Amino acid sequence: MIFRFSPAHTIAQFAKKALSDRLAGGTPSKAVISGFLFVCRQLYNTCDGLMVLNHYDLHQYVADAWSKVSCDADDPLFNFFVPLLLFND
């Protein structure tokens with residue numbers, strides 16, 4: 001059983017807030033956000049991780065962020081999203 005205070009929840013909450021520009025301390029760099037999204041992607045590849053992350057609707061926040069950066073190939077998030085969206089492990 002995975003509890004709400006597990007590291008997966010903390011990572012998912014941070015990623016969701018960072019993608020929606022709702023962090024109290026300001027928005028972290030795009031490289032930091034993409035690193036957290038990479039971890040979320042790894043969690044999605046497990047049954048337990050999918051159960052935890054499904055609650056956060058990260059797919060919607062990722063889609064919204066993708067629509068913002070899809071025109072800028074030099075954006076670090078663009079370089080993260082392309083393999084994430086085009087290739088499935």
Side-chain angles (χ1 to χ4, degrees):
M1 175 177 228
I2 299 174
F3 299 99
R4 293 263 179 218
F5 56 84
S6 73
H9 286 283
T10 303
I11 291 167
Q13 289 170 353
F14 177 85
K16 183 175 178 177
K17 288 179 182 180
L19 287 170
S20 62
D21 295 326
R22 295 183 326 162
L23 286 173
T27 304
S29 71
K30 292 177 182 178
V32 170
I33 295 171
S34 65
F36 273 84
L37 289 176
F38 177 79
V39 172
C40 289
R41 181 178 182 212
Q42 299 303 311
L43 291 170
Y44 267 118
N45 288 331
T46 67
C47 292
D48 289 338
L50 183 59
M51 289 173 50
V52 169
L53 296 179
N54 190 40
H55 168 76
Y56 292 96
D57 295 325
L58 286 176
H59 61 283
Q60 186 61 49
Y61 288 89
V62 169
D64 292 343
W66 167 252
S67 67
K68 292 177 187 175
V69 301
S70 62
C71 297
D72 186 5
D74 293 329
D75 192 312
L77 281 179
F78 180 85
N79 294 325
F80 173 77
F81 282 130
V82 170
L84 176 65
L85 297 174
L86 297 180
F87 306 105
N88 191 3
D89 293 337

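Remember, predicted model here, so these are calculated numbers, not experimental data. Computed over heavy atoms, backbone and side chain alike; hydrogens, waters and symmetry mates excluded.
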Checklist entry - Which distance, rounded to the nearest 0.5 Å, do you find between the CG of Asp21 and the CG of Asp64? => result 11.0 Å
Item to check | Counterpart residues, side chain to side chain contact (heavy atoms under 4.5 Å, CB included), relative to Leu53 (two or more places apart) | outcome: Ala12, Cys40, Leu43, Tyr44, Leu58
Item to check | side-chain hydrogen bond (donor to acceptor under 3.5 Å, both in side chains) involving Thr46 - partner list, sequence neighbours excluded | outcome: none
Item to check | Distance (rounded to the nearest 0.5 Å) between Phe36 CZ and Gln13 CD | outcome: 11.5 Å
Checklist outcome for this item: Closest non-hydrogen contact found for Pro28 with Leu23 is CD-CD1, 3.3 Å
Next on the checklist: I need the Tyr56 OH to Ile11 CD1 distance, nearest 0.5 Å.
Outcome noted: 10.5 Å
